[in-house]
Amino acid sequence: MAQLLITGGAGFIGSHTCLALLKEGHNLFALDNYCNSSPRSLERVSVLAGIDGRDRIKVVKGDIRNKDVLRKVFGGQDQPIDAVVHFAGLKAVGESFLYPLSYWDVNVNGTLCLLEVMKTYGCRTIVFSSSATVYGFPQKIPTSETSNVQPINPYGSTKAAVEQLLAHLADSEPGWRIACLRYFNPVGAHPSGSIGEAPIGIPNNLFPFVSQVAVGIRKELEIFGADWPTPDGTPVRDYIHVMDLAEGHCAALQALLREPPQLITTNLGSGQGYSVLQIVKSFEEATGRHIPYKITPRRQGDAAFSIADPTFAKNRLGWATKRTLLDMCRDSWVWQQLNPFGYGDQKDDDSN
Ligand code: NAD
Ligand code: WQD
């Protein structure tokens, strides 16, 4: 059992991982400024954690760039913080072209602030949310960790920069235990439908958009191009159930805490690719709803394929995905039906 700081704990992946970590018996401090989430997600995590878990999570409202807040968390406990699971950050590729300063400030400067305070308090264990986006247009499919890191958008550059910073830190002094987890396409929700992905405004990503079409909030899906060099002409992605991803964090943390200090960089993906049209079909099967769509031009910056080589994660962490595409569609749908407007306290915009 460890004492953990979870930054960005109220977000999509953070909330599911908090629950998985509580189930493993850890004590958590979840820090979030709610710029892209709701405090209700963590209230629901407490309920899901049950009588054994709900008292082991403390929620702190704050920004990772505010070192005073971080100092209070690290310095204010009877027991030291053993490790950090660092989700906090901005994550929208399109937005990162418009606001590169914000992306570098939150993702890179925010991580710097966190690492400086960690170092001051002697906490040298961190699990970092990286992304398959660091591969840019991947050279080889499936993509292994040895592939070139060549981001093609400001968001990806911030993730690659933090990976580099963490590598320099690991080289600078002994004792750092660092895991950089390169997620592929996280989707789905906790099977209870109590917590899930709650995007603000029009979703950028396929799964939340399709869910909103199924529930009737959006009229139809726009498929960004059907002329890609893939079997059915639509792009292929490696979708990973968020509960599998949460368990991947538990596995990474366990490895860091039990083994000698080291830096682990690993993909978290299934190794299985599905096209946009396959997602639509599977969603229709899982929900019994028709998903209307139209084909529109390609979205700038998209690649035809993105699929993880999951071998290293399996060998190194003993972790592999367990849930199927149907699980991902069904759990997204349960969440969407129970929470058509997310947590109900986030601003929204007009439907398309
Ligand atoms: P999310 O937006 O749901 O969660 C991020 C959380 O961080 C939010 O709760 C947000 O309010 C919080 N946050 C942002 N800036 C903060 C700050 N300055 N101080 C404190 N809290 C702050 O996103 P997510 O999908 O859960 O992603 C979590 C992490 O995983 C991010 O770092 C993201 O870049 C990375 N990632 C996400 C995906 C994906 O497709 N969802 C894929 C690869 C990597
Ligand atoms: C999947 C496929 C779209 C929406 C993004 C980030 C990546 C990572 C994961 C953070 C693509 C198509 C989508 C729509 C569509 N995030 N699509 N109509 O782009 O693979 O990855 O999320 O690290 O960095 O780029 O995911 O869900 O946006 O798209 O046709 O309305 O669905 O073209 O082929 P993507 P996505």
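From a predicted model like this one, the values you see are computed outputs, not experimental measurements. Just so you know, ligand 1 is whichever comes first in the structure, and atom 1 is the first atom listed for that ligand.
Not close to ligand 1: Thr7, with no non-hydrogen atom less than 4.0 angstrom away. Heavy atoms of Gly110 stay at 4.0 angstrom or farther from ligand 1. Ligand 1 is never approached by Ala198 to a heavy-atom distance shorter than 4.0 Å. Ligand 1 lies less than 4.0 angstrom from a heavy atom belonging to Lys159.
Listed by number with element, the atoms of ligand 2 under 4.0 Å from a non-hydrogen atom of Glu222 are 14 (C), 15 (C), 18 (N), 30 (O), 31 (O). Numbered from 1 in the order shown, with element, the atoms of ligand 1 that lie under 4.0 Å from a heavy atom of Ser129 read 29 (C), 30 (O), 32 (O), 35 (C). For ligand 2, the atoms lying closer than 4.0 Å to a non-hydrogen atom of Thr133 are 24 (O). Close approach of ligand 1 to Val106 (heavy-atom distance below 4.0 Å) involves ligand atoms 15 (N), 18 (N). Near Asn36, the atoms of ligand 1 lying under 4.0 angstrom from a non-hydrogen atom of the residue are 1 (P), 2 (O), 10 (C), 11 (O). Proximity to Gly62 (heavy-atom distance under 4.0 Å) selects the following atoms of ligand 1: 19 (N), 20 (C). Set against the non-hydrogen atoms of Tyr34, the atoms of ligand 1 under 4.0 Å away are 11 (O). Annotation for ligand 2: atoms under 4.0 Å from non-hydrogen atoms of Asn204 are 4 (C), 28 (O). Interface atoms of ligand 2 facing Ile223, defined by a heavy-atom separation under 4.0 Å, are 30 (O). For ligand 1, the atoms lying closer than 4.0 Å to a non-hydrogen atom of Ser130 are 43 (C), 44 (C). Every atom of ligand 1 with a heavy atom of Tyr155 under 4.0 Å away is listed here by number and element: 33 (C), 34 (O), 35 (C), 36 (N), 44 (C).
For Val276, every heavy-atom contact with ligand 2 shorter than 4.0 Å involves the side chain, none the backbone. Both the backbone and the side chain of Ile13 come within 4.0 Å of ligand 1, counting heavy atoms alone.
Residue nearest to atom 6 (C) of ligand 1, selected from Gly8, Cys35, Ala10: Gly8 (by heavy-atom distance). Comparing Ile200, Asn33, Leu114 by heavy-atom distance to atom 17 (C) of ligand 1, the nearest is Asn33. Relative to atom 5 (C) of ligand 1, the option among Gly89, Pro39, Gly14, Ser41 with the closest non-hydrogen atom is Gly89. The heavy atom nearest to atom 19 (O) of ligand 2, out of those in Lys91, Arg299, Arg237, Gln212, is found in Arg299. Remark: among candidates Tyr155, Tyr135, Tyr183, the nearest residue to atom 23 (O) of ligand 2 is Tyr155, based on non-hydrogen atoms.
In the hydrophobic clustering of ILVMFWY residues, with side-chain heavy atoms under 4.5 Å counting as a link, Ile240 and Leu19 come out together.
What sits closest to atom 8 (C) of ligand 2 on the protein, heavy atoms only, is Ser131 OG, 4.1 Å. Closest to atom 26 (O) of ligand 2, if we only count protein heavy atoms, is Asn185 ND2, 3.1 Å. Summary of contacts: the protein heavy atom closest to atom 15 (C) of ligand 2 is Phe224 CD1, 3.3 Å. In terms of protein heavy-atom proximity, atom 27 (O) of ligand 2 is nearest to Leu206 N, 2.8 Å. The nearest heavy-atom contact from the protein to atom 33 (O) of ligand 2 is Asp302 OD2, 2.5 Å. Here the protein heavy atom with the shortest distance to atom 36 (P) of ligand 2 is Asn205 ND2, 3.5 Å.
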(Q) Does Ser129 form a side chain to side chain donor-acceptor pair (under 3.5 Å) with Tyr183? I'd like the steps, not just the answer. (A) CA-CA 7 Å; Ser129 296; Tyr183 318 153; 2.6 Å; yes

Q. Passes ring-ring contact (aromatic ring centres under 6.0 Å, His included), Tyr343 versus Trp335? Steps please.
A. CA-CA 10 Å; Tyr343 292 101; Trp335 154 255; 5.1 Å; yes

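An N or O contact shorter than 3.5 Å links Gly11 to ligand 1 by distance. Considering backbone and side-chain N/O atoms, Tyr239 never comes within less than 3.5 Å of an N/O atom of ligand 2. Taking any N or O of Phe184, backbone or side chain, none lies under 3.5 Å from an N or O belonging to ligand 2. By the 3.5 Å distance cut-off applied to N or O atoms, Val93 is not counted among the residues near ligand 2.
With no hydrogens or angles considered, a side-chain donor-acceptor pair links Thr324 and Asp327 at under 3.5 Å.
In this structure, the ring of His249 has its center less than 6.0 angstrom from the ring center of Phe87.
Ion pairing between Glu285 and Arg330 fails under the 4.0 Å rule for side-chain N and carboxylate O. Note on Glu247 versus Lys322: salt bridge recorded, some NZ/NE/NH1/NH2 to OD/OE distance being below 4.0 Å. Using a 4.0 Å cut-off between charged nitrogen and carboxylate oxygen, Arg298 and Asp227 count as a salt-bridge pair.
Side chains of Gln272 and Tyr239 form no contact here, defined as non-hydrogen atoms less than 4.5 Å apart.
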Identify each donor-acceptor pair in which a side-chain atom of residues 191-198 lies under 3.5 Å from a protein atom, sequence neighbours left out, and give them as a table.
unit_1, atom_1, unit_2, atom_2, d
Ser192, OG, His190, ND1, 2.7
Ser192, OG, Ser194, N, 3.1

